[in-house]
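Because only heavy atoms are used, hydrogens play no part in the values below, and waters and symmetry mates are left out as well, while side chains stay in. In the text below, chain A, chain B and the rest are named by the order of the sequence lines, each starting its count at 1.
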Protein chains: 2
Amino acid sequence: MSYDNAKRASGTAMKTGIQQTIHAELIAVLVAVTGSVPRVLTLADGSALPAGPLELTHRSLQAGVRAWVERQTHHPLGYIEQLYTFADPTRGATVAGDQAERSISISYLGLTREIASGGDTVSWQDIYRYFPWEDRRSDPTLIERTIRAEMGRWVGTSAERAARVNACFGLDGSPWNEDLALPRYELLYEMGLVREAARDGQSKGGEFIHGAMMQADHRRILATALSRLRAKIKYRAIVYELMPESFSLLELQRCVEALAGQRLHKSNFRRLLASQNLLEETAHYAPGVGRPAKLFRFRAALLAERAIAGTRLPIARP
Amino acid sequence: MSYDNAKRASGTAMKTGIQQTIHAELIAVLVAVTGSVPRVLTLADGSALPAGPLELTHRSLQAGVRAWVERQTHHPLGYIEQLYTFADPTRGATVAGDQAERSISISYLGLTREIASGGDTVSWQDIYRYFPWEDRRSDPTLIERTIRAEMGRWVGTSAERAARVNACFGLDGSPWNEDLALPRYELLYEMGLVREAARDGQSKGGEFIHGAMMQADHRRILATALSRLRAKIKYRAIVYELMPESFSLLELQRCVEALAGQRLHKSNFRRLLASQNLLEETAHYAPGVGRPAKLFRFRAALLAERAIAGTRLPIARP
DNA sequence: CTCATTTATACTCAATATGAGTATAATGGA
DNA sequence: TCCATTATACTCATATTGAGTATAAATGAG
């Protein structure tokens, strides 16, 4: 961290020998919500996220991701956001003469609407297939019933571990915080309760809790995306990208509930929406089993103001 | 984005020809708050952030940043968080035979306490030296007075541009949002009102607003750090890392104010602190000019619970 | 055709949180 | 001793939130 380094770094390409050669890979987490199911686009029958190398033709990282997704799905990608960059030390770290090799992965979160993607093993998967404990809409006691005993074993008599588990999983007085999806996954990994831990040689064997495994650390990346998304819907109107042109208020509520993994209080949710002035009425109604619901759309001006309003979550209890 | 790519990506090192060779650089934004001044560690007399290449000896990206900072400052680094990764298309994008070269920068935010750093041109600089308009503690009307006319010229008759400026800078009815430090800097760049824009050939010439320039896009990275930090103090107790062992409530308030760039309401700030149960009293008092203030420290248990409480900002008006 | 069922929408009300300000307590120094 | 200065403790009106009830507009069974 010397001045020389800084000068080199901000100049043109560095070609000195100290530095190693690196391969960069882009990973995309594409999310869509259909009805009440939050989905992610996967490859290999749900065991991997779309990924590929950064190519020279890409003007920027974001442009690289966009290019792929649009080539693959023939669908323009709306909102897109960088998630995280990591350099896995265990993979690709081989030295060959003067040149050392290493792989860096840069992940992105994109929001779309679900479309039929014609590929061999390409498919949209329910996100909660990978994190069953994150879906508390129908049964918020899943953790209480299935995971708690296993966690207790790991905690043992350590007060510090107990505090961490309670804070992450909302046990013993702590409130449940939906944003903590990533810390929860990481904690389960550390406890050896997800299959990836055993695969990577971290687990001492024992019970695994439900949840489908993915290649490499793709499931961790997906957890990062879920965390980010849940935090963001509370202060940015990004649901926009996930909804059709017009929709009923209940449909919008179901979409937010799907992402948050929580039931929301109906009238309070509507009051919040009204106070934020995000929507405008259309002249149409959605037919259905009961009284027809008025259809709404997002206000056109919203696109310009993007940076503003927040959608906080009025949580409902059964 | 085919299944083949995904398989390659998640296997061992990729050596096929499609992919280009990449250099990775790590950039650190080290922040400390001393008294009422938020500072950042810089090189080259305040014109660059500490940066250097990713080395093979680094187990992970974070470990790489930690290693440097600790080697340079001889001070253990507490909180550290990844900011953003970007691949500048304009620098280092040269093709040489089969091998193409490109540079990727990965930036990190770290929190410390300020210490004398014995280096030639290494220094701690007031962050608001780079973003004078972000400090609204003494004079919240700076934008109103100095920048507005210039912005008006760029807006012209475009309603969309006007809406964007108003939302970003809290003009014309929109509330000021301190988290938007990055969008604000980006908007000023787009408008050609910061010197970097002229250097990069984006500006059409004209008045520049105050604020010191930095090499490459380091000032943009610093804006990213400020945005992230301001957003985060509202929902995570990270001020912890910036304060000494024990401190008075007013000192803590001054620290938060320095980061937020806003004055806070004294008694409401204290009420918020009390309700969150973050602090505990010590037996000591700080001597000073008036009545001595009781000294507090962060509760030990806080470290374990880290993931919890939020510190919202009760804004004060003069 | 009537009524139970289902969903939509409108209101109400208590509890809590927030913004803003006043009153009182300890200091050191003129 | 009194005053300037900072600390700490209360007060109070208003806004926001959580939770729930009442009424409206459809469908379909009988």
Side-chain angles (χ1 to χ4, degrees), chain A residues 35-36 136 140 175-178 233-235 246-257 260 262-297 309-318, chain B residues 35-36 136 140 175-178 233-235 246-257 260 262-297 309-318:
Chain A
S36 290
R136 296 164 62 92
W176 172 266
N177 181 348
E178 68 277 351
I233 45 173
K234 277 179 283 189
Y235 64 93
S246 69
F247 45 84
S248 74
L249 295 180
L250 188 58
E251 283 167 350
L252 182 59
Q253 184 182 339
R254 293 286 177 248
C255 175
V256 174
E257 286 177 336
Q262 294 228 16
R263 305 295 301 272
L264 302 182
H265 189 285
K266 196 167 177 174
S267 37
N268 293 348
F269 179 72
R270 284 158 187 235
R271 179 172 57 191
L272 209 58
L273 284 176
S275 77
Q276 298 193 289
N277 199 27
L278 294 177
L279 307 177
E280 60 187 14
E281 293 184 5
T282 68
H284 304 100
Y285 288 80
V289 68
R291 171 175 166 179
K294 195 171 282 182
L295 291 178
F296 289 79
R297 62 169 156 253
T311 309
R312 264 171 271 158
L313 308 178
I315 296 163
R317 264 174 271 288
Chain B
S36 290
R136 294 163 64 91
W176 172 265
N177 183 346
E178 68 277 350
I233 46 173
K234 277 179 282 191
Y235 65 93
S246 70
F247 46 84
S248 74
L249 295 181
L250 188 58
E251 283 167 351
L252 181 60
Q253 184 181 339
R254 294 284 177 250
C255 175
V256 175
E257 286 178 335
Q262 294 227 17
R263 304 295 302 272
L264 302 181
H265 189 286
K266 194 169 180 174
S267 37
N268 293 347
F269 178 73
R270 283 158 187 235
R271 177 172 59 190
L272 208 58
L273 284 176
S275 76
Q276 298 192 290
N277 199 27
L278 295 177
L279 305 178
E280 61 188 14
E281 294 184 5
T282 68
H284 304 99
Y285 287 81
V289 68
R291 172 176 166 179
K294 195 171 280 179
L295 292 178
F296 290 79
R297 64 169 155 253
T311 308
R312 265 173 269 158
L313 308 178
I315 297 164
R317 263 174 272 285

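- Considering all non-hydrogen atoms of both residues, R136(A) and W176(A) come closest at CD-CE2, 3.1 Å.
- The nearest whole Å value for the distance from the CG atom in L264(B) to the C1' atom in dT18(C) is 14 Å.
- Residues L278(B) and F296(B) are not in side-chain contact: their nearest non-hydrogen atoms beyond the backbone lie 4.5 Å or more apart.
- Nucleotide dT7(C) holds its C1' atom 11 Å from the CZ atom of R254(A), rounded to whole Å.
- One can place NE2 of H265(A) at 13 Å from C1' of dA14(C), the figure rounded to the nearest angstrom.
- In this structure, CZ of R263(B) is placed 16 Å from P of dG19(C), rounded to the nearest angstrom.
- Under 4.0 Å is where a charged nitrogen must lie from a carboxylate oxygen, and between R254(A) and E251(A) no such pair does.
- Distance Q253(B) CD to dA7(D) P: 9 Å, rounded to the nearest Å.
- Nucleotide dA17(C) holds its P atom 15 Å from the CG atom of L273(B), rounded to whole Å.
- To the nearest 0.5 angstrom, K294(B) atom NZ is 12.5 Å from H284(B) atom NE2.
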*Per-nucleotide protein contact string for nucleotides 8-13 of chain D (B base, S sugar-phosphate only, - none; heavy atom under 4.0 Å)*: B-B---
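- Across every non-hydrogen atom of L264(B) and E257(B), the tightest pair is N-OE2, 2.8 Å.
- Atom CZ of F247(A) is separated from atom P of dA8(C) by 14 Å (rounded to the nearest Å).
- Across every non-hydrogen atom of L249(A) and L273(A), the tightest pair is CD2-CD1, 4.2 Å.
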